[in-house]
A.B. asks: 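Structure in structure tokens, see below.
Letters A, B, ... are given to chains in the order of the sequence lines, protein chains preceding strands, and every chain is numbered from 1. Below, each value reflects all heavy atoms present in this structure, side chains not excepted, and no hydrogens, waters or symmetry copies.
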Amino acid sequence: MCGRYVSTATPEQLVAEYHVEQVCLDAPLPPRWNVAPTQPVYVVATEREPEPRRQLGTMRWGLVPSWEKRATPGAGLINARAETVATRPAFRSALRRRRCVVPADSFWEWRAGPGGSRQPFAIARRGGATLAFAGLWEPWRDPASPERVLRSVAIITTAANRRLAEVHERMPVVLDAPALDRWLDPGTLDPGLLLPLLVPAPEDGWEVWPVGARVNSVANDGPDLLEPAAG
DNA sequence: CCAGACGTTGTT
DNA sequence: GTCTGG
DNA sequence: CCAGACGTTGTT
DNA sequence: GTCTGG
């Protein structure tokens, strides 16, 4: 799955990489090596009005369905399964109209061991290429103050490819450039054209290595979390 | 009809 | 065990 | 995802 | 909001 990741890009880098036309930020997010659910994350989405434009903003990681009474029932929906995203009430309308991309450098997975032990791994593309996670977002309005909108996001997961299945059976959907363009095209409403994008990334070209347990705690942050450890 | 769920993951 | 917070 | 809390009362 | 279960 994907419950923790690395995001160190600056807004300027994201604007260039994703051909963003409009930046909508209160303040830039700092570089983070331990991004966790409930935290604000960068999101690239297509603003529809007055005309389609690619927009960079921040949203809360952990999708809050619009019908929720409270904004924060725990972490919210941090992942959405590709296999069921077209039919689940929590995600169906977002699949049609609120697709987005969550930029990342790399991500963390925990391999289950005997006796309930959990060994964390870092997963990155060989050569350091960045990752575009497929996401869905949702606006939420507090009934008491509907003028304020909370935007939250879920990362779509799929079956792990054979390489990553060594560590974990699920992985985030990682979009290549053509898939990303299709995913962010607001004219695409047919799930039949979208679901084929939500497949496991090719198994070649990944680096996977065990890291220390410091990544377990969200209080720890820094590039040292990526240092290889015995595993 | 109304009430209640609506999500994923992992672990046992 | 289960929920909340990060 | 993992870590850490999980409760009430009264008094300062 | 919308669907499912009773």
A.B. asks: For the ring pair A:Trp61 and A:Tyr5, is the centre-to-centre distance below 6.0 Å?
C.D. replies: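 Ring-ring flag for A:Trp61/A:Tyr5: true, centres closer than 6.0 Å.
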A.B. asks: Could you tell me how far C:dG5 sits from D:dG7 if I compare only their P atoms? Round to whole Å.
C.D. replies: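 Rounded to whole Å, the distance is 12 Å.
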A.B. asks: Roughly how many Å is it from CD in A:Glu83 to C1' in B:dT8, rounded to a whole number?
C.D. replies: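 To the nearest whole Å, that distance equals 11 Å.
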A.B. asks: Rounded to the Å, how far apart are A:Arg70 CZ and B:dG7 P?
C.D. replies: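 Value for this atom pair: 19 Å.
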A.B. asks: Looking only at atom types and distance, does a side-chain atom of A:Ser7 sit under 3.5 Å from a main-chain N or O of A:Arg32, one as donor and one as acceptor?
C.D. replies: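 Checked: no pair found.
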A.B. asks: For A:Leu95 versus A:Leu136, what's the shortest heavy-atom pair and its separation?
C.D. replies: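 Scanning both residues, the minimum pair turns out to be CA-CD2, 3.7 Å.
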A.B. asks: May I ask you to verify if any side-chain N or O of A:Arg92 is less than 4.0 angstrom from the OP1 or OP2 atom of E:dT2?
C.D. replies: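 Answer is no, no contact under 4.0 Å.
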A.B. asks: B:dG7 phosphate, OP1 or OP2: any side-chain N/O from A:Arg81 under 4.0 angstrom?
C.D. replies: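 Result: no.
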A.B. asks: How is A:Glu138 classified with respect to the nucleic acid when contacts are heavy atoms under 4.0 Å: base, sugar-phosphate, or nothing?
C.D. replies: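 Here A:Glu138 touches no strand at all.
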A.B. asks: By nearest atom, which of the nucleotides B:dT8, B:dT9, D:dA3 is closest to the A:Arg170 side chain?
C.D. replies: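 Nearest listed nucleotide: B:dT9.
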A.B. asks: Is there a residue in residues 28-44 of chain A whose heavy atoms reach under 4.0 Å of DNA chain C, and which residues are they?
C.D. replies: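 Contacting residues: A:Ala36, A:Pro37, A:Thr38, A:Gln39.
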A.B. asks: Do we see A:Trp67 stacking on the base of B:dC6, given a limit of 5.5 Å between centres and 30° between planes?
C.D. replies: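 Yes, the aromatic ring of A:Trp67 stacks with the base.
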A.B. asks: Heavy atoms under 4.0 Å, any strand shown: does A:Ile78 hit a base, just sugar-phosphate, or nothing?
C.D. replies: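 Since a base atom lies under 4.0 Å of A:Ile78, the category is base.
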A.B. asks: With a 4.0 Å cut-off, would you call A:Arg54 and A:Asp181 a salt bridge?
C.D. replies: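 Answer for the salt bridge query: yes.
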A.B. asks: Starting at the 5' end of DNA chain C, write a dot or bracket for each base, bracketing those in Watson-Crick or G-U wobble pairs whose two distances are under 3.5 Å and using | for partners on another strand.
C.D. replies: ||||||
A.B. asks: For A:Pro200, does its backbone N or O pair with a side-chain atom of A:Asn161 as donor and acceptor, under 3.5 Å?
C.D. replies: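 The answer is no, because no donor-acceptor pair under 3.5 Å joins these two groups.
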A.B. asks: For the backbone of A:Ala134 and the side chain of A:Trp183, can you confirm whether one donor and one acceptor N or O come within less than 3.5 Å of each other?
C.D. replies: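 Checking the backbone N and O of A:Ala134 against the side chain of A:Trp183, no donor-acceptor pair under 3.5 Å is found.
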A.B. asks: When the P atoms of C:dG6 and B:dC1 are compared, how many Å lie between them, rounded to an integer?
C.D. replies: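 Each nucleotide's P atom is 43 Å from the other's.
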A.B. asks: Give a yes/no on whether any side-chain N or O of A:Ser217 is located under 4.0 angstrom from OP1 or OP2 of C:dG6.
C.D. replies: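 For C:dG6, neither OP1 nor OP2 has a side-chain N or O of A:Ser217 closer than 4.0 Å.
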A.B. asks: Using a cut-off of strictly less than 4.0 Å, decide whether A:Arg88 has a side-chain nitrogen or oxygen near OP1 or OP2 of B:dG7.
C.D. replies: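 Indeed, a polar side-chain atom of A:Arg88 lies that close.
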A.B. asks: Is A:Thr84 close enough to B:dT8 that one of its side-chain N or O atoms is under 4.0 Å from OP1 or OP2 there?
C.D. replies: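 Affirmative; the distance criterion is met.
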A.B. asks: For A:Ala112, answer base if it contacts any base atom (sugar-phosphate contacts may also be present), sugar-phosphate if it contacts only those atoms, and nothing otherwise; contact means non-hydrogen atoms under 4.0 Å.
C.D. replies: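 Here A:Ala112 touches the backbone only, sparing every base.
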A.B. asks: Is A:Asn79 near enough to B:dT9 that one of its side-chain N or O atoms lies under 4.0 angstrom from OP1 or OP2?
C.D. replies: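 Result: no.
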A.B. asks: Roughly how far apart, to the nearest Å, are B:dT11 and E:dG1 at atom C1'?
C.D. replies: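 About 34 Å, rounded to a whole number of Å.
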A.B. asks: Give me the distance, rounded to whole Å, that separates D:dT9 from B:dC6 when you measure between the C1' atoms they each carry.
C.D. replies: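 One C1' to the other, the span is 39 Å.
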A.B. asks: Do A:Arg163 and A:Glu109 sit within salt-bridge range, that is, some charged N less than 4.0 Å from a carboxylate O?
C.D. replies: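 Result for this pair is no, no salt bridge flagged.
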A.B. asks: Within the 4.0 Å heavy-atom criterion, would you say A:Ser93 contacts the bases, only the backbone, or no part of the nucleic acid?
C.D. replies: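 Nothing, no heavy atom under 4.0 Å.
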A.B. asks: Classify A:Tyr5 by what it touches in the nucleic acid, base, sugar-phosphate, or nothing, heavy-atom distance under 4.0 Å.
C.D. replies: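 Nothing: the residue A:Tyr5, judged by heavy atoms under 4.0 Å, touches no strand.
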A.B. asks: Could A:Arg125 and A:Trp206 be counted as a cation-pi pair, given that NZ or CZ must be under 6.0 Å from the ring centre and within 45° of the axis?
C.D. replies: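 Relative to the ring axis of A:Trp206, which defines the angle, A:Arg125 lies inside both limits.
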A.B. asks: Apply the side chain to side chain contact (heavy atoms under 4.5 Å, CB included) test between A:Asp105 and each candidate in A:Val6, A:Leu226, A:Leu131; give the one that qualifies.
C.D. replies: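 In the set A:Val6, A:Leu226, A:Leu131, the residue that makes a side chain to side chain contact (heavy atoms under 4.5 Å, CB included) with A:Asp105 is A:Val6.
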A.B. asks: Begin from the C-alpha positions of A:Glu17 and A:Thr130 and carry the test side chain to side chain donor-acceptor pair (under 3.5 Å) through to its verdict.
C.D. replies: CA-CA 9 Å; A:Glu17 181 166 9; A:Thr130 59; 2.2 Å; yes
